[in-house]
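Written out below as structure tokens is the structure these notes cover.
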There are 2 protein chains.
Amino acid sequence: MARVGLTAERLTRAGAELADEAGFDQVTLSALARSFDVKVASLYSHVRNSHDLKTRITLLALEELADRVSAAVAGRAGRDALAAFADAYRDYAREHPGRYAATRFALAPEVAAASAGGRHAQLSRAILRGYHLREPDQTHAVRMLGSVFHGYISLEAAGSFSHTAVDSQESWDWTIDSLDALLRTWTTDTTTADRTGR
Amino acid sequence: MARVGLTAERLTRAGAELADEAGFDQVTLSALARSFDVKVASLYSHVRNSHDLKTRITLLALEELADRVSAAVAGRAGRDALAAFADAYRDYAREHPGRYAATRFALAPEVAAASAGGRHAQLSRAILRGYHLREPDQTHAVRMLGSVFHGYISLEAAGSFSHTAVDSQESWDWTIDSLDALLRTWTTDTTTADRTGR
DNA sequence: TGTATTTGCCTAAACCCTATAGGCAAATTA
DNA sequence: TAATTTGCCTATAGGGTTTAGGCAAATACA
């Protein structure tokens, strides 16, 4: 019985590819075993179980994505940085839908703490640095940006924006412009009363 | 063999409850059969298959949610309407996490066309009526609002906002205020160049 | 280099979920 | 009351997960 040379890493990479091709929830140990022409039970020497495999794919995706976002925003500021940041997420989601879906997988707290999740949070705050927000506004803004981008990406992936004639790219640009404008109002004018006009 | 009196409707309602308790992807025909103390095969007389059941739960959730949102925004305008709209979605997601998750289930195009999805789109546009946006800005704004609210709700549900001391309710209010302010800039000043300051 | 140990992949088996076919009895209709 | 429809059943097959235990290939060590 020749050995195929499985490792947790190879399984994780193959799992990530399968996720992109068939969807993250189609990633099963059975499918993976088939793709390596190996019996399912053999995989249990390398990953603890199905959940463990998904966790590993999630960690891989979080790292990859953080690397991309990090490279995209390097040397940029203001609207430029904001757009690069947003595009990095969206492009990744479009190129790697399964991996992007994996980044939504609920990790165990200890695992999450050791993941690239922290880098994402830092990157988000780095983008806002140029807008000079004070706490707690900065936290509010981090949450809002995360919400908009993640929301847009998932609705777009679900096909929610393909019913009308308006191009999705236009709405995306409009959204980034709007967020930039919004954040800039905070830069120069920091009282809520004035900002909201109430 | 006494009959239990199953119907597609009863299965759908029980499925929705199960979704809220255990998660939408824990909704299985097996679990449902157990809860009715009936054999699994019996369910196939009432629903075509597992996918059909999930579709029915999705349609139920979309209707319920549209009813709630519709009632919430009735008689309101401006920021008031915007907040009522947003809160209706968020409250529903918090009270019925499984049903809210169901609203993200990908429906077949014909089914989606006959669903309450259209009502949601109309409600969204109704909110914007008070801000007097022209096309295609209105469409952009509809997409942005959908993105923010859906994104916020799903990130919040995933626990993404429970790592810092800042209260999630505050960020939510801040976000709604920000969106209101943003939309109001469009009301009085409609050229992109001026709005973004580029 | 030969032997001991570890490690990788295997078979076997149990459990759960989905789905179809075909049967019998309860409910409905005539 | 008889005929028909309908609801729930048993049986069966297929796919995914997971554990236990075995044999052989790779590795370590004398």
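In the text below, chain A, chain B and the rest are named by the order of the sequence lines, each starting its count at 1.
The interatomic distance linking A/Leu6 (CG) with D/dA26 (C1') rounds to 15 Å, in whole Å. Atom CG of B/Leu43 and atom C1' of D/dC8 are 10 Å apart (whole Å). In this entry the distance linking CZ of A/Arg3 with P of D/dA26 reads 6 Å, nearest Å.
Under the 6.0 Å cut-off for aromatic ring centres, A/Phe36 and A/His46 do not qualify, their centroids lying 6.0 Å or more apart.
Considering only residues two or more places apart in sequence or on other chains, B/Asp87 meets the salt bridge (Lys or Arg N to Asp or Glu O under 4.0 Å) condition with none of them. In terms of the salt bridge (Lys or Arg N to Asp or Glu O under 4.0 Å) criterion, B/Asp91 has no residue partners (sequence neighbours excluded). Remark: A/Arg125 engages A/Glu135 in a salt bridge (Lys or Arg N to Asp or Glu O under 4.0 Å) (not counting sequence neighbours). The side-chain hydrogen bond (donor to acceptor under 3.5 Å, both in side chains) test applied to A/Asn49 returns no partner, not counting sequence neighbours.
Identified under the salt bridge (Lys or Arg N to Asp or Glu O under 4.0 Å) test for residues 141-150 of chain A, with sequence neighbours left out: none. For residues 25-50 of chain A, there are no salt bridge (Lys or Arg N to Asp or Glu O under 4.0 Å) pairs, not counting sequence neighbours. Within the structure, the salt bridge (Lys or Arg N to Asp or Glu O under 4.0 Å) test picks out the following pairs touching residues 93-111 of chain A (sequence neighbours left out): A/Asp20-A/Arg99, A/Glu64-A/Arg99, A/Arg68-A/Glu95, A/Arg94-A/Glu156.
Residues from residues 44-51 of chain A lying near DNA chain D, meaning a heavy-atom separation below 4.0 Å, are A/Tyr44, A/Asn49, A/Ser50 in numerical order. Against DNA chain D, the stretch residues 17-42 of chain B makes heavy-atom approaches under 4.0 Å through B/Val38, B/Lys39, B/Ala41, B/Ser42.
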